[in-house]
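Below is one structure, written out as structure tokens, with a few remarks after it.
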Amino acid sequence: MVLNKKVAQIFYEIAQLLDLIGDNPFRLRAYERAAMRVESMPEDLEEYVLQDKLEELPGIGKDLAEKIKEIYRTGTLKQYEELKQKVPSGLLEMMSIPGLGPKKIKLIYDKLGITTMEELEKYAREGRLRSLSGFGPKTEENILKGIEFLKRSKGRLPLGQVLPLAIDLRRYIEESGLVKRVDVVGSIRRFKETVHDVDILVVTDSPREIMDRFVRYPEVEEIIAQGEKKSSIIASGVQVDLRVFDEECYGAALLYFTGSKEHNIRVRQVCIERGLKLNEYGLFRGEKRVAGASEQEVYSYLGMQWIPPEMREDQGEVEIALQGQLPVLIDLEDIKGDLHIHTVYSDGTDEIETIVKKAISLGYKYVAITDHSPSLAVAKGMTVEKVRRQAEEIARINRRYSKIRVLLGMEVDILADGTLDCPEDVLNCLDVVIAAVHSRFKMGREEMTNRIIKAISHPKVNILAHPTGRLLGERDSYEVDIERVMRVAKEKGVAMELNASPRRLDINSEMCRMAKEMGVMVAINTDAHSHQQLDYMRFGVGTARRGWLEKKDVLNTLESDRLMGFLRKER
DNA sequence: GCCGTTTTCGGCCCGACTGTTTTCAGTCG
């Protein structure tokens, strides 16, 4: 997996370097696409090198395959090193300043010899950039603002952090009473795990008034642009774009601004094959608009099924929609319970009964209480005595509440040697056993894979929790061969968790697809530490939908008795 | 640099906004 990251990083950088020296833009797109491909695939690129099948990957041809092999052999790429010699590294940094692109950066470098951010900032502040053609006082101001924004912003943010802002903005716009429709689109609608801006579309008869209201949103920090059709602000450190459209083209606009860019390009290719043109104002044959009021209308005119936003990543969904073979994705309503929840018995904040009441309100048929095993002292792990008390309390609750079945479980630590941090006799009285790595993250790939495989091979283990251990934007996954782990999981009747906490989303959507293809069950669990966090389920379901999962692929869509069968490993 | 039911060359998505310019280039999504 190290190779995937390395190749992606080098290819992304090459794309930027080529951009800076004004190379063929399509060549640079090819590098970007290849980088995106290897970055998002769950399989190890090394396998593709060893089996000499790199060219099977879409977007990777003869040349790029050779370059990947060179990176595999030597750890770097001659062409890349040479490019870096030619272009000062400070120019690459400048590429991330919003509003500043390759052409202007090249000019700044060629004419003024500026090579670092600091120099650039100094020149802009002193008004010394305006001597360049195409530069004026406003450009200098925007460069300064851009640098300022860069210093403040943290790049892509977890969806869970941005979604509340998006929801509040939608409410704020709706409350104006001026809009007929309002939708949050972009990567948020696609439920991408991290987002870097918020895109909102509206239908309105009073565009000027709605834009005025928009830029006066209480959290606004800066107004970047304000027009009748489009305005942009920075709010809570995030860029928010608002666009106004007419009703007759609203579907085309939704499609266009939901993206992804790659999906749009693919759909446009289909249009071209049919002699049609698609933009945000509709689907056109010549001058005539033939569709556009709804997404449904556009897709169906092209002979395709409507594609759920979460699938729109150009990962084969367009071809399948053309054949009418799209999977029926799992819905939040399909979820019948939550199998990973903490209470006051370890590091949770709520009593079991509070959790159970919340679960009932969500319409769940079952819920598993899974506090930490003893070795996780920081999380006040369970002792044998505490398990006994918990079992008694759960029995009492089960007698009191007939609508729901409360299961006794435990999140058992996988120790460094792959053994479970729980005595056998305790394991034997649990309904659900979740195994998880919480220590020694820096272990080598081979050792970590063996450690996890040993743990899930224990006959009592039902679910592998947060299988890669990543924390979005905080901590990388540990090194593990997830494909090998899944093969064993399949064989042993163990489910892979899709941890729905927005900090984790682990396994990710690509791994969900891998699990589905391998026939491994996925359990979507919230890992809630309070009753409110049971609502994290929607992040998990969104990620599962991005991984093309259907109801049948997800453990906690099963009815109670069939779930118990799985947990007892009845075949 | 990739790719092929307009195949081995010649395409590769397309429009809005800004700031500069005096008709458009650069940047963005």
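Bear in mind the structure is a predicted one, so any value in this text is a computation, not a measurement. Letters A, B, ... are given to chains in the order of the sequence lines, protein chains preceding strands, and every chain is numbered from 1.
- Of all heavy-atom pairs between A:L242 and A:M211, the closest is O-CE, 3.6 Å.
- Distance check on atom C1': B:dA25 versus B:dT20 gives 9 Å, rounded to whole Å.
- Summarising the geometry, the separation between CD1 on A:I60 and C1' on B:dC2 is reported as 11 Å, rounded to the nearest angstrom.
- Look at the P atom in both B:dG15 and B:dT21: the space between them is 27 Å, to the nearest Å.
- In this structure, A:L329 and A:M311 have side chains that are in contact, with non-hydrogen atoms separated by less than 4.5 Å.
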Q: For the pair A:Q533 and A:T526, evaluate side-chain contact (heavy atoms from CB on, under 4.5 Å) and give the outcome as yes or no after the intermediate values.
A: CA-CA 7 Å; A:Q533 290 181 2; A:T526 62; 5.6 Å; no

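- Note: CG (A:L278) to P (B:dC13) measures 13 Å, nearest angstrom.
- Separation of the P atoms belonging to B:dT23 and B:dC28 is 25 Å when rounded to the nearest angstrom.
- Annotation: of the two residues near DNA chain B, A:K138 and A:L28, the 5′-most nearest-nucleotide partner is A:L28.
- For A:R243 and A:E228, the salt-bridge test fails: no basic side-chain N is under 4.0 Å from an acidic carboxylate O.
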Report all interatomic pairs (protein N or O, nucleotide N or O of nucleotides 9-11 of chain B) with separations under 3.5 Å.
none

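- Residue-level contact check: A:E228 touches neither bases nor backbone, having no heavy atom under 4.0 Å from any strand.
- In this structure, A:Y12 atom OH and B:dG1 atom C1' are separated by 16 Å, rounded to whole Å.
- For the P atoms, the distance from B:dT7 to B:dC12 is 14 Å, rounded to whole Å.
- Here the separation of B:dC17 from B:dT5, taken at their P atoms, is 38 Å to the nearest Å.
- Remark: A:E310 does not engage A:R546 in a salt bridge, criterion side-chain N to carboxylate O under 4.0 Å.
- Between the CD atom of A:Q226 and the C1' atom of B:dC17 there is a distance of 13 Å, given to the nearest Å.
- Rounded to an integer number of Å, the gap from A:E262 CD to B:dC2 P is 17 Å.
- The base-pairing partner of B:dG4, taking Watson-Crick or G-U wobble contacts with both distances under 3.5 Å, is B:dC9.
- Remark: the separation of the C1' atoms in B:dG10 and B:dA16 is 29 Å, to the nearest Å.
- Dashed line: the shortest gap from a side-chain N or O of A:N279 to OP1 or OP2 of B:dC14 is not under 4.0 Å.
- None of A:Y250, A:Y281, A:Y256 except one satisfies the ring pair (Phe, Tyr, Trp, His ring centres under 6.0 Å) rule with A:F245; the exception is A:Y281.
- The side chain of A:Y281 contributes no N or O atom lying less than 4.0 Å from OP1 or OP2 of B:dC14.
- With sequence neighbours excluded, the residues forming a ring-ring contact (aromatic ring centres under 6.0 Å, His included) with A:Y217 are A:Y172, listed by chain and number.
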Pair up each side-chain donor or acceptor in residues 191-201 of chain A with any protein partner under 3.5 Å, not counting sequence neighbours, and list the distances.
residue	atom	partner	partner atom	Å
A:E193	OE1	A:R470	NH2	2.8
A:E193	OE2	A:R470	NH1	2.9
A:T194	OG1	A:R156	NE	2.9
A:H196	ND1	A:R156	NH1	3.4

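- In plain terms, the two heavy atoms of A:G101 and A:M95 that are nearest each other are C-SD, 4.3 Å.
- No engagement by A:N264 is indicated, since no non-hydrogen atom pair under 4.0 Å with the nucleic acid exists.
- Comparing B:dC13 with B:dG19, their C1' atoms sit 25 Å apart, to the nearest whole Å.
- In this pair, A:Y31 and A:F11 present their aromatic rings perpendicular. The plane angle is above 60°, beyond the 30 to 60° band.
- Under the 6.0 Å distance and 45° angle rule, A:R128 counts as a cation-pi partner of A:Y123.
- DNA chain B is contacted by A:I265, A:R268 of residues 265-276 of chain A, taking any non-hydrogen atom closer than 4.0 Å.
- As judged by a 4.0 angstrom heavy-atom cut-off over every strand, A:K67 is placed among residues touching the sugar-phosphate backbone only.
- For A:R29, the side chain to side chain contact (heavy atoms under 4.5 Å, CB included) partners at least two apart in sequence or on another chain are A:E32, A:R33, A:K261, A:E262, A:I265.
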Q. Can you give one letter per nucleotide of nucleotides 21-29 of chain B, going 5' to 3': B for a protein heavy atom under 4.0 Å from the base, S for sugar-phosphate only, - for none?
A. -----SSSB

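- Counting to the nearest Å, the C1' atom of B:dT18 and the CG atom of A:N142 are 8 Å from each other.
- The side chain of A:A225 lies closest to B:dT18, out of B:dC12, B:dT18, B:dT20.
- Nucleotide B:dT20 holds its C1' atom 13 Å from the CD atom of A:E140, rounded to whole Å.
- Nearest approach of A:A291 to A:E297, heavy atoms of both residues: CA-OE1, 3.1 Å.
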Q: May I have the step-by-step check of side-chain hydrogen bond (donor to acceptor under 3.5 Å, both in side chains) for A:E43 and A:N4, ending in yes or no?
A: CA-CA 9 Å; A:E43 300 93 353; A:N4 297 50; over 6 Å; no

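- The gap from the P atom of B:dC14 to that of B:dC9 amounts to 25 Å, rounded to the nearest Å.
- Rounded to whole angstrom, the span from the CG atom of A:D19 across to the P atom of B:dG1 amounts to 15 Å.
- B:dT7 takes the syn form, because its glycosidic angle lies no more than 90° either side of 0.
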